[in-house]
Amino acid sequence: LSCASSAKSASMTLASVRNSLIKQEDTIIFCLIQRARFPINSHSYTSSSFLNGSSILTYYVKHIEVIQSEVGGYANPEEVPFFNYHLSSPVVPPNEPEKFLYPAAASVNISEIILKTYIEKLVPLFTSSGDDGQYALSVASDMACLQALSRRIHYGRFVAETKFRGAKADYISAINSQDKATLTKLITNKSVENTVKARVYKKAKIFGQNVSLHDNKSNTTTKYKVDPLVVSHIYGEWIIPLTKLVELEYLLRRLN
Ligand SMILES: O=C(O)C(=O)C[C@]1(C(=O)O)C=C[C@@H](O)C=C1
C-alpha cells in the first residue's frame, strides 16, 4: 500500500489535505518511473484462459488485496480497494481510524474507472511499445501505480469534506438541488490546478534524471525516465478531473 502519510483526520483542513496531495505527487511520479522501465506488455492486460478469464494484472491485484486486507489494509478510509467483494477480515487487531468523512458519502468508489483509464489511456502514454515477457515485474509496478493513483483520486472525498465544512451554506443549497454545475464551480480552483501541473512537471524533471558521479558533457540532451510533459498531461487530463469527479460524487451524497 502507498506509504504517503496524511494529516490526522480530526484536524484535517483544506491546507493539510492539499499538503498530502503534494506529497502523494512524489509517490505517483516514482511509481510511473518504475513502470516505465518495462514496455507496455499489453498481454498482461488481456483476459487469460489460464486465470479463469482474469488478466494477469487483475488476477494479481485481487490476490494481493486479499493479503493486504488480512494485515489490516483498507481499514483506513484513505485506502480504497479495486476489488471489494472478496476481501478478508483482518487477522491482526484493528487500528481504529478517526472518523472524518460523512458516512453516507464515504463509500464513493470509482476504482473501475481508474483501472480502465490507467490501462487504456495512461500506460500507452508513458511506456514504450513491445513486450519483454516480464509480466510479474511489470504488473507489480502497475499495482503500485494503481494504488498511488487511487489513493490520490479518492482523496477527493477528504478535499470535498473540508470544502463543505468551510462554506456550508453555499454547498447545502447546491446539494439540496443536486446542482452538479454549481457544485463543480464551487470545487474548482483553476490556479491551484495550474500550480499542480507545473509542480509535477518540475518534479518529473528532477526525479527522472540519470544520476552520474562524473559531469557528463553530453548531458545537454538529457533524457528523462518519464517525459515531464506526459506527467503534467496525465495530471491535467485524468488525475485532477477524476479527483473532481470523486469530490462531486461525495458532495451529492453529503446530506443523505
Ligand atoms: O486543491 C483543491 O482545491 C482540489 O480540489 C484538488 C484539485 C486537484 O485535483 O489537484 C481539484 C480541483 C481544484 O480545481 C484544484 C485542485
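Order of appearance sets the numbers: ligands from 1, and atoms from 1 within every ligand. Starting from 1, each residue takes its place in the sequence as its number. When reading the values below, keep in mind they use all heavy atoms of this one structure, side chains included, and skip hydrogens, waters and symmetry mates.
The aromatic rings of Phe100 and Phe158 lie parallel to each other, with less than 30° between the two planes, well short of the 60° mark.
Using a 4.0 Å cut-off to heavy atoms of Val159, the atoms of ligand 1 that qualify are 4 (C), 5 (O). Of all atoms in ligand 1, listed by their number and element, those nearer than 4.0 Å to a heavy atom of Thr243 are 9 (O). For ligand 1 and Asn189, the ligand atoms under 4.0 Å from any heavy atom of the residue are 13 (C), 14 (O), 15 (C). Every atom of ligand 1 with a heavy atom of Thr188 under 4.0 Å away is listed here by number and element: 14 (O).
Checking Tyr45 against Asp142 by side-chain atom types alone, a donor-acceptor pair falls below 3.5 Å. The closest side-chain donor-acceptor pair between Gln24 and Ser20 falls under 3.5 angstrom.
Arg152 is listed as a side-chain neighbour of Tyr235, based on a closest heavy-atom distance under 4.5 Å.
Within the 3.5 Å criterion, the main-chain N or O of Thr58 finds no donor-acceptor partner in the side chain of His63. Judged by distance alone, with hydrogens and angles left aside, the side-chain atoms of Tyr250 form a donor-acceptor pair with the main-chain N or O of Tyr102 at under 3.5 Å.
If you check which protein heavy atom lies closest to atom 15 (C) of ligand 1, you get Glu193 CG, 3.5 Å. The protein heavy-atom contact nearest to atom 12 (C) of ligand 1 is Lys244 CG, 3.5 Å.
Proximity of Val192 to ligand 1, defined as any heavy-atom pair under 4.0 Å, is confined to the side chain (atoms from C-beta onward). When heavy-atom distances to ligand 1 are checked against a 4.0 Å cut-off, Ile187 comes that close only through its backbone atoms N, CA, C and O.
At under 3.5 Å, a nitrogen or oxygen of Arg152, whether backbone or side chain, sits near a nitrogen or oxygen of ligand 1.
Heavy-atom proximity to atom 6 (C) of ligand 1, evaluated over Lys190, Arg18, Glu247, Glu25, is greatest for Glu247.
Summarising the geometry of Lys180 relative to Leu248, their closest heavy-atom pair is O-CD1, 4.0 Å, with the distance given to 0.1 Å.
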